Undergrad: 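One structure, pasted below without further comment.
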Amino acid sequence: MKHHNREVDEMTNQTRNEVLLEGIPVGAPEPSHENHGQLFYRQILEVPRLSGTADRLPLLVRQTQLPLLKEGVPLRVEGQLRSFNNRSGPGRRLVLTVYARSLQPGLGEPVNRILLAGTLCKPPIYRRTPLGRSISDLILAVPRSYGRADYLPVIAWGQVASQVCTLEAGAPLSLEGRVQSRVYRKVAETGPEERTAYEVSVIRLLDPEDEP
């Protein structure tokens, strides 16, 4: 599939949390949980990057959507990036999934776009790589219905990192970015483990008048 070089579909900012993905489903869907009598499944979607590597992103889909999932066949997903704390096992771990509001056959062009607007939970953590590149790590609280919110890890690079590093907790922030996966190794009681982290990488900051 060729990476898209045109504008993707228009997305609203009613929830201030809009994700548009297109990629390839990998593996079979696995049962996740039941909520209000509805069964949900977890499916991995592989979205290629321009670099040739791929992000492997977790989708949360309803049982009624399963017929639309076909391994190896391009799939377009519109939804929201959701978070919850996994309290099973030692400590707490923030789990991110893309809640699939709608699924459609793919157009054959990889897409990975997210629009967020929320408030910072704490001041950004600013640092530099060994090569001197600026990075800012943030946690963005994005409102959801019924008084709930999603707490989303965000990473900004270069000039954008320098722009946001002086913001304080509670500051509003709107951005356009991509959802990415990152594999890392963690030393657990049973030895080293390979884990996958998910985060939003900022492409650009948005002014209110810029939001679609």
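On a predicted model such as this, the values are computed, not experimentally measured, just so you know. Count residues from 1 along the sequence.
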Undergrad: Taking it one step at a time, do L115 and L206 satisfy side chain to side chain contact (heavy atoms under 4.5 Å, CB included)?
TA: CA-CA 9 Å; L115 299 175; L206 298 176; 4.0 Å; yes
Undergrad: Between Q43 (side chain) and G27 (backbone), is there a donor-acceptor pair under 3.5 Å?
TA: yes
Undergrad: Starting at CD of E199, measure out to OG of S201 and round the result to the nearest 0.5 Å.
TA: 7.0 Å
Undergrad: Given side chains that start at C-beta, do those of L60 and S32 come closer than 4.5 Å, heavy atoms only?
TA: yes
Undergrad: Hey, does the side chain of N112 reach the backbone of R178 with a donor-acceptor pair shorter than 3.5 angstrom?
TA: no
Undergrad: Quick one: does L45's side chain get under 4.5 Å of V77's, heavy atoms only?
TA: yes
Undergrad: Which heavy atom of A161 sits nearest to which heavy atom of S136, and what is that distance?
TA: O-OG, 2.9 Å
Undergrad: Would you mind reporting whether V179 and D55 have side-chain heavy atoms less than 4.5 Å apart?
TA: no
Undergrad: Could you tell me which non-hydrogen atom of P143 sits nearest to which non-hydrogen atom of A141, and how far apart they are?
TA: CD-O, 3.9 Å
Undergrad: Restricting to non-hydrogen atoms, name the atom on A156 and the atom on V164 that form the minimum distance, rounded to 0.1 Å.
TA: CB-CG2, 4.3 Å
Undergrad: Please determine whether a side-chain nitrogen of the Lys or Arg among E30 and R42 lies less than 4.0 Å from a carboxylate oxygen of the Asp or Glu.
TA: no
Undergrad: Between CG of L94 and OG of S83, what distance do you get to the nearest 0.5 Å?
TA: 5.0 Å
Undergrad: So which pairs with a foot in residues 158-170 pass salt bridge (charged side-chain N to carboxylate O under 4.0 Å, His left out), sequence neighbours left out?
TA: none
Undergrad: Kindly determine whether I155 and Q180 satisfy side chain to side chain contact (heavy atoms under 4.5 Å, CB included), including the steps that lead there.
TA: CA-CA 10 Å; I155 186 167; Q180 65 184 25; 4.1 Å; yes
Undergrad: Could you pull out every donor-acceptor pair under 3.5 Å between side chains of residues 119-131 and any protein atom, sequence neighbours left out?
TA:
{"from": "Y126", "atom 1": "OH", "to": "R128", "atom 2": "NH2", "distance (Å)": "3.4"}
{"from": "Y126", "atom 1": "OH", "to": "S134", "atom 2": "OG", "distance (Å)": "2.8"}
{"from": "R127", "atom 1": "NE", "to": "D137", "atom 2": "OD2", "distance (Å)": "2.8"}
{"from": "R127", "atom 1": "NH2", "to": "D137", "atom 2": "OD1", "distance (Å)": "3.4"}
{"from": "R127", "atom 1": "NH2", "to": "D137", "atom 2": "OD2", "distance (Å)": "3.0"}
{"from": "R128", "atom 1": "NH1", "to": "G132", "atom 2": "O", "distance (Å)": "2.8"}
{"from": "R128", "atom 1": "NH1", "to": "S134", "atom 2": "OG", "distance (Å)": "3.3"}
{"from": "T129", "atom 1": "OG1", "to": "L131", "atom 2": "N", "distance (Å)": "3.3"}
{"from": "T129", "atom 1": "OG1", "to": "G132", "atom 2": "N", "distance (Å)": "3.3"}
{"from": "T129", "atom 1": "OG1", "to": "R133", "atom 2": "N", "distance (Å)": "3.0"}

Undergrad: Determine whether Y41 and L66 make a side-chain contact, defined as any pair of heavy atoms from C-beta on separated by less than 4.5 Å.
TA: yes
Undergrad: Supply the atom-to-atom distance R16 CZ to L173 CG, rounded to the nearest 0.5 angstrom.
TA: 11.5 Å
Undergrad: Quick check: is L39 connected to I44 through a chain of hydrophobic side chains (ILVMFWY, heavy atoms under 4.5 Å apart)?
TA: no
Undergrad: Yes or no on side chain to side chain contact (heavy atoms under 4.5 Å, CB included) for V61 and L59, after CA distance, side-chain angles and deciding distance?
TA: CA-CA 6 Å; V61 301; L59 303 180; 4.2 Å; yes
Undergrad: Compare all side-chain heavy atoms of Q63 with those of Q38 and state whether any distance is below 4.5 angstrom.
TA: no
Undergrad: Who else is in the cluster with I203 when I, L, V, M, F, W and Y are joined by side-chain contacts under 4.5 Å?
TA: none
Undergrad: Tell me, do I24 and V73 make a side-chain contact under 4.5 Å, heavy atoms counted?
TA: no
Undergrad: Could you give all pairs that pass the salt bridge (charged side-chain N to carboxylate O under 4.0 Å, His left out) test and reach residues 61-74, with sequence neighbours left out?
TA: none
Undergrad: Drop me the distance from L103's CG to T64's OG1, to the nearest 0.5 angstrom.
TA: 9.0 Å
Undergrad: Counting N and O atoms only, with roles assigned by atom type, does the side chain of S181 sit under 3.5 Å from a partner on the main chain of R56, one being a donor and the other an acceptor?
TA: yes
Undergrad: Report yes if the side chains of L152 and N17 come closer than 4.5 Å at any heavy-atom pair, otherwise no.
TA: yes
Undergrad: Ignoring hydrogens, what is the shortest heavy-atom contact between R185 and P192? Give both atom names and the distance.
TA: NH2-CB, 3.2 Å
Undergrad: So if I apply the side chain to side chain contact (heavy atoms under 4.5 Å, CB included) rule between L57 and each of V19, L96, L21, which one comes out positive?
TA: L21
Undergrad: Just so I know, are the side chains of L81 and I114 near enough to count as touching, which here means a heavy-atom distance under 4.5 Å?
TA: yes
Undergrad: How long is the gap from CG on L138 to CG on L167, to the nearest 0.5 Å?
TA: 7.5 Å
Undergrad: Can you tell whether the side chains of R76 and E22 come within less than 4.0 Å, N to carboxylate O?
TA: yes
Undergrad: According to the side chain to side chain donor-acceptor pair (under 3.5 Å) rule, which pairs have a member within residues 148-160, sequence neighbours left out?
TA: R144-D150
Undergrad: Return the orientation label for the F40 and Y99 ring planes: parallel under 30°, perpendicular over 60°, tilted otherwise.
TA: tilted
Undergrad: Applying salt bridge (Lys or Arg N to Asp or Glu O under 4.0 Å), can you list everything that pairs with R195, at least two apart in sequence or on another chain?
TA: E193
